[in-house]
Amino acid sequence: MRVEDAPAAGVVHVQVWRETYAADMPAAFLAALNPTVSAEKIRMRVEVDDPDARVLVAVDEDGEVLGMATAGVTRDADAPTAWELYSINTVALVHGSGLAERLLSAAIGSRAASLWVLGINARAQAFYRRHGFVADGATKVHEGSGLPEVRMVRGPQPPS
Ligand SMILES: CC(C)(COP(=O)(O)OP(=O)(O)OC[C@H]1O[C@@H](n2cnc3c(N)ncnc32)[C@H](O)[C@@H]1OP(=O)(O)O)[C@@H](O)C(=O)NCCC(=O)NCCS
């Protein structure tokens, strides 16, 4: 990701949330998501330039943003792994295309890592299971929507 990608990434981030959670999250919560706020958070992540963090964007041949992923040092006090996949978001058009897999691989490679996923997000959980993650029993409530989140963890993977 470059700083100049942040505005488009912010728009896509909000688009993906609305696509993914329309049936499960309060309409007012989704309507209030602001692409400019998302873009600003993304820009700050890029600008921090933390050597231990990954902030990735996937674009098509016309430069349109198709997805993004972020990863870095875990935010959990009881961290089961040193690394965390913070987010992975791809537009519905590319689901099932392998792009998410490429983003995951670029973000965390074969590292041991943990992540948080909404309990209602069955597709994401299936995707993570295919990539070696299993629920470790930790749960929390997603701020904003109030929905439960579950933690998934995987150990180190053999390099592919
Ligand atoms: C989650 C995401 C990154 C996965 O990428 P993808 O390209 O859609 O994933 P794939 O198609 O490779 O795999 C999806 C898996 O879910 C399964 N699946 C599809 N729809 C499903 C559903 N409604 N319920 C349960 N499983 C489902 C597929 O069969 C596949 O599992 P399999 O490989 O065991 O057959 C992508 O869907 C995405 O960006 N979604 C929107 C944002 C999001 O949810 N991000 C994750 C937040 S933690």
Side-chain angles (χ1 to χ4, degrees), residues 1 5-6 8-27 29-35 37-39 41-42 45 53-61 63-76 78-155 157-158 160:
M1 184 95 72
D5 296 319
V11 169
V12 169
H13 184 251
V14 168
Q15 175 193 329
V16 170
W17 270 63
R18 290 181 179 152
E19 283 171 356
T20 308
Y21 302 119
D24 300 292
M25 288 192 179
F29 173 76
L30 291 175
L33 294 177
N34 183 334
V37 173
S38 279
K41 287 183 187 162
I42 292 166
R45 273 201 195 279
R54 302 280 182 277
V55 188
L56 306 166
V57 69
V59 295
D60 69 10
E61 58 275 14
E64 295 292 321
V65 173
L66 299 176
M68 64 206 79
T70 57
V73 173
T74 183
R75 298 169 291 188
D76 292 353
D78 65 340
T81 58
W83 266 63
E84 180 179 349
L85 179 71
Y86 302 140
S87 70
I88 182 161
N89 286 296
T90 56
V91 297
L93 185 69
V94 300
H95 291 176
S97 71
L99 182 67
E101 198 163 321
R102 289 172 63 192
L103 278 167
L104 181 72
S105 170
I108 60 171
S110 56
R111 285 181 182 82
S114 62
L115 59 89
W116 289 96
V117 56
L118 285 166
I120 48 93
N121 196 341
R123 182 177 191 121
Q125 289 177 43
F127 171 79
Y128 295 135
R129 274 196 298 275
R130 200 174 80 231
H131 292 283
F133 289 86
V134 291
D136 78 341
T139 60
K140 66 179 179 182
V141 173
H142 178 250
E143 218 178 298
S145 71
L147 292 171
E149 289 186 283
V150 298
R151 187 165 64 192
M152 297 182 78
V153 180
R154 79 170 187 198
Q157 302 286 290
S160 50

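Owing to the predicted nature of the structure, the values given are computational and were not obtained by experimental measurement. These values consider heavy atoms only, across backbone and side chains, with no hydrogens, waters or symmetry-generated copies. Ligands are counted one by one from 1 in listed order, and the atoms in each one are counted from 1 as well.
- Closer than 4.0 angstrom to ligand 1 by heavy atom are Val16, Thr20, Tyr21, Ile88, Asn89, Thr90, His95, Gly96, Ala100, Trp116, Val117, Asn121, Ala122, Arg123, Ala124, Ala126, Phe127, Tyr128, Arg130, sorted by chain and number.
- Between Met1 and Val57, the shortest heavy-atom contact is SD-CB, 3.6 Å.
- Within 6.0 Å of CZ in Arg111 there are more than 12 heavy atoms belonging to other residues, nucleotides or ligands.
- The shortest heavy-atom contact between Ala100 and Ile88 is O-CD1, 3.3 Å.
- Atom-to-atom distance recorded for Thr20:OG1 and His95:NE2 is 6.0 Å, nearest 0.5 angstrom.
- Taking each heavy atom of Trp83 and Ala71 in turn, the nearest pair found is CZ3-CB, 3.9 Å.
- Applying the side chain to side chain donor-acceptor pair (under 3.5 Å) criterion to Trp116, with sequence neighbours excluded, gives Asp76.
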